[in-house]
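Report on the following structure.
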Amino acid sequence: MEMTNYSLQADSKLDAGSFDGLNRQNGGDSAEVSVPLAQRAAPMDGDNLYRLRDRKFLLEDKKRLCALALGTAVLGIVLMIIHAETCPFIYKPGSHIALILNCSISLSTVCLLVLIIAFHYKDIRLFIIDHNQVDWRIAITSQRVLVITLELIVCVIHPVGTYWEVGLHVNSSSSAPPCISNHQGETLMDTELLLSMLMFLRLYLVHRTILLHSKVLLSASYRSIGSLNNINFTFRFVLKVLMNKYPGRTLLVFILCFWLTASWMLTLCEKTQESTGHMDTALWLVAITFLTVGYGDVSPNTTCGKAVCLFTGVMGVACTAMLVAVVTKTLALNKGEKHVHFFMLDIQISKRQIRHAAANVLRECWLLHRANLAKGNCGEHRRHQRCLLEAIRFRHLRLKQRKLRDYVSEMVDLPKMQMIMCDLSANWNNSYRELEQRILSMEQKLDELSRCFHQTSELLSQVLRHRNPEI
């Protein structure tokens, strides 16, 4: 990777990046000039503007490369699915169609690797421009090397069973081997199945594409305010923003994509089984596992299928928790609705307290008076006395109203206290400024008085000397 040479067009005048070296025009043609570090000139006027321009171009190149990489990865996955679904019914693994499809998958893999390397090359150049460094080796850290290596390993995985079968067909005089599902070698079949499923790891490029194409990262206002608050614009932050703005759409898209992907992977794992080897059965099994229902009518038979169902259950629990949070947030009353609701409850309790309390007191007084006139049953007399005391107290209504007011005051006290503190702080600031101005004016007046006293003393001394020279 040569980072010390850089080509300028005929209309360029200054260095396009702090890592590319010092380039000059010669006869209108672009020239490559590599200047050592000790001989580099000092930064010229307007160099920061060129750095900002190059930074903008590099960000656009990263967006374009990431989108192309995701498209190439999805194309390879689609070709792999077509090959896995049509192989047993349309052509055999040793045929020319199978070879063409596998060559197409391998070609897309090579293109994906080239795009990944180009993306990280642009990322290193962007890092060097951001940190105003000269040597590109500063950007090559162990963490970056590990990330690039893992991405290349993930992207290079693709099924290569057809090449092996073609080799077996050439080296042996026997007939062509059957399809993947009826393969004679169990090792080759398991390897082909594992490589086909691991191709879905390429979908990690989705989060990078969402990050680079999000309005959060593209907005200058977001970046400015985020830099002031030390916010890192990562995929986690973008995902939180999407979940706050569009929670239902985000969860729906993720659940549908995961449902279809897991169903097809389960179909691929259970391809040799009669009960679970069909797509409709796999869709049903993934759905009941995702919802943690588990009727037990269908269950996976292979180790690969059990692993897929286990991962599906874990993701179902996580998505259910997020769905509950979204529904709770949607059904919760906002601030204005809470005020209206609790205000009406308070009015209803007050009406009940005023209307029914007086009526109950009058009724119990009449019953107690009638019991006194009868003078027959002491138990009934005590019962009416007890009811009269309860009607006079009407304690339960008071307790209910007190709880309601306490809850309302808890909601209102915090914003109200915050507004009061803001007003007090503003008043204190204004008073402090006025006090400072007054102190400054008093200091100026004291200085003027001291000067006047000094001048007056000098004038008096001169007058006294003029009248009495001896003094």
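FYI, the numbering just counts along the sequence from 1.
A 4.5 Å side-chain heavy-atom check between W259 and T312 finds every atom pair outside the cut-off. V145 is not listed as a side-chain neighbour of T141, based on a closest heavy-atom distance of 4.5 Å or more.
Under a cutoff of 6.0 Å and an axis angle of 45°, R249 and F254 do not form a cation-pi pair.
Note that CG of L75 and CG of L68 are 12.0 Å apart. Values are rounded to the nearest 0.5 Å. In this structure, the separation between CZ on F258 and CZ on F290 is 6.5 Å, given to the nearest 0.5 Å. The CG atom of L239 sits 11.0 Å away from the NE2 atom of H207 when rounded to the nearest 0.5 Å. The CG atom of L268 lies 7.5 Å from the CE atom of M80; values are rounded to the nearest 0.5 Å. For the atom pair CD1 of I129 and CG of L58, the computed distance is 4.5 Å after rounding to the nearest 0.5 Å. A distance of 6.5 Å separates CG of L112 from CG of L205, quoted to the nearest 0.5 Å.
In this structure V314 satisfies the side chain to side chain contact (heavy atoms under 4.5 Å, CB included) test with no other residue, sequence neighbours excluded.
Side-chain contact, R202 with T109: a donor N or O sits under 3.5 Å from an acceptor N or O. Checking T267 against H278 by side-chain atom types alone, no donor-acceptor pair falls below 3.5 Å.
For the pairing with I116, the side-chain contact (heavy atoms from CB on, under 4.5 Å) check across L65, L152, I148 returns one residue only, L152.
Considering all non-hydrogen atoms of both residues, C269 and V308 come closest at SG-CG2, 4.2 Å. Annotation for G76 and I105: closest pair O-CG1, 4.3 Å, computed over non-hydrogen atoms.
Within 6.0 Å of the CD atom in E436, the count of heavy atoms belonging to other residues, nucleotides or ligands exceeds 12.
Ring to ring, F235 and Y204 are not that close: their centroids are 6.0 angstrom or more apart.
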